[in-house]
Every structure is written in structure tokens, then in C-alpha cells.
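In this chain, numbering begins with 1 at the start of the sequence shown. Please read all numbers here as calculations on a predicted model, not as lab measurements.
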Amino acid sequence: MKNLVKQIEESFSAFIEDAGAQIEKGNKAAGTRARKASLEMEKMLKDFRKKSLDAAKN
């Protein structure tokens, strides 16, 4: 689960950087990357939730 949290952190930092570039500079490509990162994070966060619930049951 540590590895998953690390991946979420990396994806979130990439999202913040790209979203900022879109907002501040109007960079359309950065917006596309930010949207892609948000979808990846969504999957990882759902996986984290499942693993966290399993760990809490044990």
C-alpha cells in the first residue's frame, strides 16, 4: 500500500503542476495532461479505498 500512496503523491504533484500551467498560462496541452492525471488518480484512489478497507478488516 505504501507504493500506491507514493504513486498517488506523484500523480497529484503532476496534476497540480499541469493544472497550474493551464490556469496561469492558458496552456491547453497542460490541461489535457491534468485531466489525464485526474482520471489516473481516480482509479488509484478507488484502489486505495479497497485496500484500506481490507486492511481495516484484518
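Judged as a side-chain hydrogen bond (donor to acceptor under 3.5 Å, both in side chains), and not counting sequence neighbours, Ser13 has no contacts. Every residue two or more places apart in sequence or in another chain was checked for a side-chain contact (heavy atoms from CB on, under 4.5 Å) with Lys28, and none qualifies. Taking Glu17 as the reference, nothing meets the side-chain contact (heavy atoms from CB on, under 4.5 Å) condition, with sequence neighbours excluded. In terms of the side-chain contact (heavy atoms from CB on, under 4.5 Å) criterion, residue partners of Lys36 (sequence neighbours excluded) are, by chain and number, Glu40. With sequence neighbours left out, the side-chain contact (heavy atoms from CB on, under 4.5 Å) criterion links Ala30 to Asp18, Ala21, Asn27, Arg33.
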So Asp47 and Lys51, salt bridge (charged side-chain N to carboxylate O under 4.0 Å, His left out) or not? Walk me through it. CA-CA 6 Å; Asp47 189 31; Lys51 289 181 180 183; 3.6 Å; yes
Thr32/Arg35 under side-chain hydrogen bond (donor to acceptor under 3.5 Å, both in side chains): CA gap, chis, key distance, verdict: CA-CA 5 Å; Thr32 301; Arg35 289 189 298 276; 3.2 Å; yes
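Judged by distance alone, the side chains of Ser52 and Arg49 never bring a donor and an acceptor atom under 3.5 Å apart.
Contact check for Gln7 versus Lys2: no side-chain heavy atoms found under the 4.5 Å cut-off.
When hydrophobic residues (I, L, V, M, F, W, Y) are linked wherever their side-chain heavy atoms come within less than 4.5 Å, the members clustered with Leu4 are Met1, Val5, Ile8, Phe12, Phe15, Ile16, Met41, Met44, Leu45, Phe48.
Using a cut-off of 4.0 Å between Lys/Arg side-chain N and Asp/Glu carboxylate O, Lys50 and Asp54 are scored as not salt-bridged.
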